[in-house]
There are 2 protein chains.
Amino acid sequence: MKNNMKISSAVIKRLPRYRRYLMELQKKNVDRISSNELSSLIGYTASQIRQDLNNFGGFGQQGYGYNINSLYKEISAILGLDQEYGMVIVGTGNLGQAIANYTHYYKSGFKVCAMFDVNPKLIGLRINDIEVLDYEDLDEYLKNNQTDIGIVCTNMSSAQEVVDKLCNGGVEGIWNFAPTDLIVKDGVALEDVHLSDSLHSLAYYINRNRQNQD
Amino acid sequence: MKNNMKISSAVIKRLPRYRRYLMELQKKNVDRISSNELSSLIGYTASQIRQDLNNFGGFGQQGYGYNINSLYKEISAILGLDQEYGMVIVGTGNLGQAIANYTHYYKSGFKVCAMFDVNPKLIGLRINDIEVLDYEDLDEYLKNNQTDIGIVCTNMSSAQEVVDKLCNGGVEGIWNFAPTDLIVKDGVALEDVHLSDSLHSLAYYINRNRQNQD
DNA sequence: GCATATTGAAAAATAATGTTATAATAAAGA
DNA sequence: TCTTTATTATAACATTATTTTTCAATATGC
């Protein structure tokens, strides 16, 4: 990274998006792109793109633009996607299973190593070749298996207890799908996916559009 | 609403969260709360809470605070959650099934009326009592069944085509889970849930924390 | 009726984004 | 080789968006 200044979360949220577009360009065998071309593709202004990237280093070349392969690699490295992550999923309902399948399908450095549930009907099953273990054994598992990310797919009422266990077990990040706000140990990253909040925002905009038509 | 001024999306994104906390307070039979108490609960500053709510009207009373039941109802109405929404899911893989189950479980005004897929093995199945129909018949279905929201759970390459069909079929909102950016018809609301982007941001923060420890 | 609590609303402060200007440099063409 | 053009990096500035501060107004509760 270029310097120690804190990068705003607005920038960080844009990085995965840059990366997605660069991946597409790679697939099309494009090998260079200017901030202007990227701008018309992604929709951010060219200067914002240049400024965003400049937070991390001067990846472009004057008169040339950005080399797609190397910029892709740089952004991947900034995001930490050049590394492997061991994950566990707690809560093996439909959503948990879907996430297991999702990360399985989008092969990458993120690997679900185990799943946990309290439901005896699920314990012992294999989903995408991942065993569903008894939630009782989560502490023990974390003690013996270094785990980077805990994925919370439980209901609201169990979520905080699960997160406490995960944090104490040494995970570095929580990916939370439970519809509640969680407290994590200092130094643990938290990323929420609040599906109901998302759906409710959508409802707001639908209604606003309806009202504008009157 | 108080006036015609456009409300910023930052405010809209907070509304579902206010509503969640108010729901919890209702369950605990609390009947009033001040912006200060709400603040220490939710984590936003008291003045932000007051200002957010004031965008839509003066729901509080000086010297008293906010009545929880009525504020809950107000926010629900602002979000359009006092209404019913008919939805279809396109793409009946694990994620599509999980979403179907999710909205089924969190009973509310959002009802999945049909699911669509191209996979003959899935067509004809019933998931949570919702029939999986042939994607070929989507246009026909939309013509005959007024549908408010289209949920896109396909892969990246099919997503835009699906969205075009949904928009032409008259949906008012798209809830997109495909890992790509979509173009919607004017007047149609779009809400993205980019799971991979979310996971990648998490990876960034995990790595930043790691580096800070050195 | 008075002290206190609390909102609503305006103003001020801060943060984020967008624009402009310029020097440096690579690419492309004469 | 030299010149022109394209384009980034960087800084300064402008604008817009968001958050915080401040304080008058008003309801509550003793």
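Order of the sequence lines fixes the chain letters, A, B, ..., with proteins taken first and strands second; residue numbering starts at 1 for each chain.
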Yes or no on ring-ring contact (aromatic ring centres under 6.0 Å, His included) for B/Tyr18 and B/Tyr44, after CA distance, side-chain angles and deciding distance?
-> CA-CA 10 Å; B/Tyr18 290 127; B/Tyr44 305 139; 5.6 Å; yes
How long is the line joining CD of B/Gln51 and P of D/dT18, in whole Å?
-> 11 Å
What does B/Thr45 touch in the nucleic acid at a heavy-atom separation under 4.0 angstrom: a base, only the sugar-phosphate, or nothing?
-> sugar-phosphate
Write down the distance between CG (B/Leu71) and P (C/dT6), rounded to a whole number of angstrom.
-> 15 Å
Considering just the side-chain nitrogens and oxygens of B/Ser35, establish if one lies under 4.0 Å of OP1 or OP2 belonging to C/dT6.
-> no
Letter by letter from the 5' end, nucleotides 21-30 of chain C scores (B base, S sugar-phosphate only, - none; protein heavy atoms under 4.0 Å) ---BBBSS--
Nearest-nucleotide 5' precedence on DNA chain C, A/Tyr44 against B/Tyr66 | B/Tyr66
Can B/Lys165 be said to sit on top of B/Tyr135's aromatic six-ring, NZ or CZ under 6.0 Å from centre and within 45° of the ring axis?
-> yes
Mind listing the closest non-hydrogen atom pair of A/Ala178 and A/Asn155 along with its distance?
-> CB-O, 4.1 Å
From the options D/dT10, C/dG18, C/dA9, select the nucleotide whose nearest atom is closest to the side chain of A/Asn54.
-> D/dT10
Nearest-Å distance for atom pair CD1/C1', residues A/Ile49 and C/dT17 | 13 Å
Is it the case that B/Asn94 and A/Gln97 place a side-chain donor and acceptor less than 3.5 Å from each other?
-> no
